[in-house]
Amino acid sequence: PLSSPGEPYELDIDILSAHIEVIGEARDDMEFSVTVEQSSRRIITPSGTQPITAGSYSLEVDEDDNRVSVDTDWRADKVTVIARVPQRGNLYLNTTNDGEIIVSNITGALQLENTNGPITATAISGSVIAETVNDDVSVSFASLDSNEAMSLISMNGDIELGLPGNAGVQRHIDTSEGEFYSVFEVDVQASEPVVERREDRGGVAVRVESVIVANVNGGGPVIRLETFNGDINISNSTD
């Protein structure tokens, strides 16, 4: 149960190796289905060898004033978490080793981070910051929050962005090796490198960045799309 049913919530899941799936539904509480893969180990004694069928780990789900966290310790092998939650909420999901993040039907701000696996988010109303290194990022919006920063980043994977047919956005595109595909006509803007200079007691840092700026339907919220070795594909989420 939530402390304030019907009000927006925060859900934070941070597990080292996990398949994390969050599904928005018409409900006032949260339901978690959690399984943990057991490693194959043995115990060896003078009388012989026998398998160990139970692993050692701890898992905790905590709720405080509509802020919910799910966490395990380092002993847990790969964990699968399927969370059925109310639609209005902000998500902070993170996994590192051989994991996957899947989100659907959520209204709110999403921060999704996965080092070695894919990120998929569908039917999202709000904003998304999604980052992975070695896999694909796929995000499909039902509607966008014009007041929040948004970015989809993958070092070695493809990026798929689904937008409503009438959505106006400004895309900042950075791809070194891949191609850019779009079902929407785009208005590519003339852009110059942006120079940022920061000074502190440790010295001076200067950062120079150049990206492609492309408007869809006259422009709107900024969405940053960045990949090094992958392609970027823009589709119509209402098709």
Contact between [X] and [Y] at the side-chain level, heavy atoms closer than 4.5 Å - yes or no?
{"X": "I102", "Y": "H19", "result": "yes"}
{"X": "V103", "Y": "I101", "result": "yes"}
{"X": "L144", "Y": "I223", "result": "yes"}
{"X": "L152", "Y": "I232", "result": "no"}
{"X": "V85", "Y": "I106", "result": "yes"}
{"X": "L59", "Y": "V61", "result": "yes"}
{"X": "N116", "Y": "N97", "result": "yes"}
{"X": "V34", "Y": "T72", "result": "no"}

Rounded to the nearest 0.5 Å, what separation is found between the [atom1] atom of [X] and the [atom2] atom of [Y]?
{"X": "I124", "Y": "D145", "atom1": "CD1", "atom2": "CG", "value": "12.5 Å"}
{"X": "L93", "Y": "D12", "atom1": "CG", "atom2": "CG", "value": "8.0 Å"}
{"X": "E100", "Y": "T80", "atom1": "CD", "atom2": "OG1", "value": "9.5 Å"}
{"X": "S154", "Y": "I159", "atom1": "OG", "atom2": "CD1", "value": "6.0 Å"}
{"X": "L2", "Y": "D29", "atom1": "CG", "atom2": "CG", "value": "7.0 Å"}
{"X": "D14", "Y": "E113", "atom1": "CG", "atom2": "CD", "value": "8.5 Å"}

Legend entry - Stepwise side-chain contact (heavy atoms from CB on, under 4.5 Å) check, F184 with I234: CA-CA 7 Å; F184 300 95; I234 313 299; 3.9 Å; yes
Legend entry - Audit row: F141, L161, side-chain contact (heavy atoms from CB on, under 4.5 Å) steps and yes/no: CA-CA 8 Å; F141 285 97; L161 172 62; 3.7 Å; yes
Inset, instruction - For residues 118-129, pull every pair meeting side chain to side chain donor-acceptor pair (under 3.5 Å), keeping only residues two or more places apart or in separate chains. - result: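 Counting only pairs at least two positions apart or across chains, the side chain to side chain donor-acceptor pair (under 3.5 Å) contacts touching residues 118-129 are S125-S143.
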Nearest non-hydrogen partners of [X] and [Y], listed with the distance:
{"X": "N105", "Y": "Q87", "answer": "ND2-NE2, 2.7 Å"}
{"X": "Q170", "Y": "N215", "answer": "CG-OD1, 3.1 Å"}
{"X": "T95", "Y": "I15", "answer": "OG1-O, 3.0 Å"}
{"X": "D28", "Y": "P5", "answer": "CB-CB, 3.9 Å"}
{"X": "A121", "Y": "L112", "answer": "CB-CD1, 4.4 Å"}

Between [X] and [Y], is there a shared hydrophobic cluster once you connect ILVMFWY residues whose side-chain heavy atoms come closer than 4.5 Å?
{"X": "Y92", "Y": "V68", "answer": "no"}
{"X": "I153", "Y": "I173", "answer": "no"}
{"X": "V169", "Y": "Y181", "answer": "no"}
{"X": "I20", "Y": "V36", "answer": "yes"}

Inset, instruction - Please confirm whether the backbone N or O of A167 pairs with a side-chain atom of N217, one donor and one acceptor, at under 3.5 Å? - result: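 Side chain of N217 to backbone of A167: a pair is present.
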Legend entry - Fellow cluster residues of I82, listed by chain then number, with links counted only when side-chain atoms sit under 4.5 Å apart: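 So far as hydrophobic clustering goes, I82 is joined with I23.
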Does the side chain of [X] pick up a donor-acceptor pair with the side chain of [Y] at under 3.5 Å?
{"X": "S235", "Y": "E160", "result": "yes"}
{"X": "S3", "Y": "E63", "result": "yes"}
{"X": "N90", "Y": "E10", "result": "no"}

Legend entry - Derivation of the side-chain contact (heavy atoms from CB on, under 4.5 Å) call for L91 and Y9: CA-CA 9 Å; L91 308 183; Y9 61 86; 4.1 Å; yes
Legend entry - With sequence neighbours excluded, residues passing salt bridge (charged side-chain N to carboxylate O under 4.0 Å, His left out) with E25: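 R27, R84.
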